[in-house]
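Written out below as structure tokens is the structure these notes cover.
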2 protein chains.
Amino acid sequence: MGLTKTEIFTQEQNHLAVMLKAMAHPARIAILQQIIKANTCICGDLVEELGLAQATISQHLKELKTAGIIQGTIEGVSVCYCINPTVWNELQKQLSAFFSTYELKTNCC
Amino acid sequence: MGLTKTEIFTQEQNHLAVMLKAMAHPARIAILQQIIKANTCICGDLVEELGLAQATISQHLKELKTAGIIQGTIEGVSVCYCINPTVWNELQKQLSAFFSTYELKTNCC
DNA sequence: TTAATACATCGTAATATTGCGATACAAAAT
DNA sequence: ATTTTGTATCGCAATATTACGATGTATTAA
């Protein structure tokens, strides 16, 4: 075992899980915050901002990119990363909808 | 290695990561959806609803409970799980704030 | 008391994640 | 052409996750 049984879940459930997983790490949250904060896309100053090795940051960036949350374009020698607006808004909408399905019912445990 | 360097991140970043991680699995998303759908708190019919073994469901429930997202109270022989409204709303607010920090700037890559 | 029911926990196998040094690679500067 | 600079990838060690059978535990039923 050790691998998720994706077959038994819906596409939506699996997809949402993948997106949440991509964000479910403090380093990746920090990276996203940095990318958002530096409204002009930043590159590898992330290595200096966060206290992680270059290889590690690069790996985290890859995971965010694979999930589609960020995108990177080569900018001369360096690479410019920024939020993928489409995916970001889609995820925001999906999460908002998910959280909204719950409303406090009186008689609960 | 293999363990996250939590020391170098803020409490908020670590906490948000923990919450997202708790939700970042299709089975746990399905569990939350079921708990929300059955507005009266449900118990271990989750085992029948999802196609996972009882031990596995119990383990996933524990993770959600540890994160504080759900709470369980003993109801005779069975256990009744439901959303923890405080934590749920808190997380909703935090995520909403996080997503709102991004707004499309014109000149991006 | 004993059996049944509903969960929780233990132990374990398979796999995934995290972090980093070392190294490869590609564009720009010399 | 060679060096420099910024990133990506490889390979590895340490640890975490996922899933489940087996077993423990606590409450109700008989």
Side-chain angles (χ1 to χ4, degrees), chain A residues 1-9 13-14 17-31 34-35 38 41-67 70-82 109, chain B residues 1-9 13-14 17-31 34-35 38 41-67 70-82 109:
Chain A
M1 291 83 220
L3 85 174
T4 303
K5 280 188 157 183
T6 49
E7 334 86 58
I8 67 172
F9 302 105
Q13 289 166 338
N14 283 317
V18 166
M19 300 306 266
L20 289 176
K21 200 173 184 179
M23 291 179 50
H25 191 287
R28 294 197 288 273
I29 289 174
I31 286 173
Q34 266 295 320
I35 290 182
C41 317
I42 56 142
C43 329
D45 358 55
L46 288 164
V47 180
E48 295 189 7
E49 288 288 338
L50 320 183
L52 290 170
Q54 184 266 320
T56 308
I57 297 288
S58 193
Q59 202 172 261
H60 282 306
L61 285 167
K62 191 184 180 185
E63 284 179 69
L64 287 169
K65 206 164 65 178
T66 301
I70 64 172
Q71 56 197 186
T73 39
I74 299 168
E75 196 88 14
V77 188
S78 49
V79 174
C80 163
Y81 282 105
C82 61
C109 47
Chain B
M1 291 86 220
L3 85 175
T4 303
K5 280 188 158 183
T6 50
E7 334 86 57
I8 66 173
F9 302 106
Q13 289 167 338
N14 283 317
V18 166
M19 300 305 265
L20 290 176
K21 200 173 186 181
M23 291 178 49
H25 191 286
R28 293 196 288 271
I29 289 173
I31 287 173
Q34 266 295 319
I35 291 182
C41 317
I42 57 142
C43 330
D45 357 55
L46 288 163
V47 180
E48 295 188 8
E49 287 289 337
L50 320 183
L52 290 170
Q54 184 265 319
T56 310
I57 298 287
S58 194
Q59 202 173 260
H60 282 306
L61 284 168
K62 191 184 178 184
E63 284 179 69
L64 287 170
K65 207 165 64 177
T66 301
I70 64 173
Q71 55 198 183
T73 38
I74 300 169
E75 196 87 16
V77 189
S78 48
V79 174
C80 162
Y81 281 105
C82 62
C109 48

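Within every chain, numbering begins at 1; the chains are lettered A, B, ... in the order of the sequence lines, protein sequences first and strands thereafter. Treat the numbers as computed from the prediction; the structure is a model and nothing was measured. Side chains are part of it too, since the values below use all heavy atoms of this structure and drop only hydrogens, waters and symmetry mates.
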What is the distance, to the nearest angstrom, from the CD atom on B:Glu75 to the P atom on C:dA6? 14 Å
Nucleotide C:dA8, atom P - distance to CD1 of B:Ile74 in whole Å: 9 Å
Quickly work out the B:Leu50 CG to D:dA19 C1' distance and round it to whole Å. 13 Å
Report the distance from atom NZ of A:Lys65 to atom C1' of D:dT7, rounded to the nearest whole Å. 9 Å
Remember a base hit wins even if backbone is also touched, and classify A:Val79 as base, sugar-phosphate or nothing at under 4.0 Å, heavy atoms. sugar-phosphate
For D:dA8, does either OP1 or OP2 sit under 4.0 Å from a side-chain N or O belonging to A:Ser58? yes
Over how many whole Å does the gap from A:Gln54 atom CD to C:dG19 atom C1' extend? 12 Å
Below the 4.0 Å mark, does D:dT18 have OP1 or OP2 next to a side-chain nitrogen or oxygen of B:Thr56? no
Is there a side chain to side chain contact (heavy atoms under 4.5 Å, CB included) between A:Ile8 and A:Lys5 once you walk through the steps? CA-CA 6 Å; A:Ile8 67 172; A:Lys5 280 188 157 183; 4.2 Å; yes
On DNA chain D, does the nearest nucleotide to B:His25 precede the nearest nucleotide to A:Val47 from the 5' side, or the other way round? Give the residue. A:Val47
Just call it for B:Ser78: base, sugar-phosphate, or nothing, with non-hydrogen atoms closer than 4.0 Å on any strand. sugar-phosphate
OP1 or OP2 of D:dT17 under 4.0 Å from side-chain N/O of B:Lys21: yes
Hey, does B:Ala53 reach any base, or is it just sugar-phosphate, or nothing, if we go heavy atoms under 4.0 Å? sugar-phosphate
Can you find a side chain N or O atom of B:Tyr81 that sits less than 4.0 Å from OP1 or OP2 on C:dA8? yes
Between atom CG of B:Asn14 and atom CE of B:Met19, what is the distance when rounded to the nearest 0.5 Å? 13.0 Å
Report the residue (B:Thr6 or B:Asp45) whose heavy-atom-nearest nucleotide on DNA chain C is the more 5′ of the two. B:Asp45
Within the modelled atom types, does a donor on one side and an acceptor on the other bring the side chain of A:Gln59 and the base of D:dA8 under 3.5 Å apart? no
Could you check whether A:Ile57 gets within reach of a base, just the sugar-phosphate, or nothing at all, counting any heavy atom under 4.0 Å? nothing
From CD1 of A:Ile31 over to P of D:dT7, roughly how many Å is that when rounded to an integer? 12 Å
The residue among A:Ile35, A:Thr73, A:Leu64 that forms side-chain contact (heavy atoms from CB on, under 4.5 Å) with A:Tyr81 is A:Ile35
Protein-nucleotide distance (B:Lys62, atom NZ; D:dT25, atom P), rounded to Å: 15 Å
Counting N and O atoms only, with roles assigned by atom type, does the side chain of A:Thr66 sit under 3.5 Å from a partner on the main chain of A:Lys62, one being a donor and the other an acceptor? yes
What is the distance, rounded to the nearest whole Å, between atom NE2 of B:His60 and atom C1' of D:dC20? 11 Å
Check B:Leu46 against B:Gln34 and note the closest heavy-atom contact, atom names and distance. CD2-CB, 3.6 Å
Check step by step if side chain to side chain contact (heavy atoms under 4.5 Å, CB included) holds for A:His60 and A:Arg28. CA-CA 6 Å; A:His60 282 306; A:Arg28 294 197 288 273; 2.9 Å; yes
Closest to side chain of A:Leu61, choosing from C:dA8, D:dC20, D:dA8: D:dA8
Look at all strands and tell whether A:Leu52 reaches a base, only sugar-phosphate, or nothing, counting heavy atoms closer than 4.0 Å. sugar-phosphate
Using the side-chain heavy atoms of A:Val77, tell me which of these nucleotides is nearest: C:dA8, D:dA19, D:dT5. D:dT5
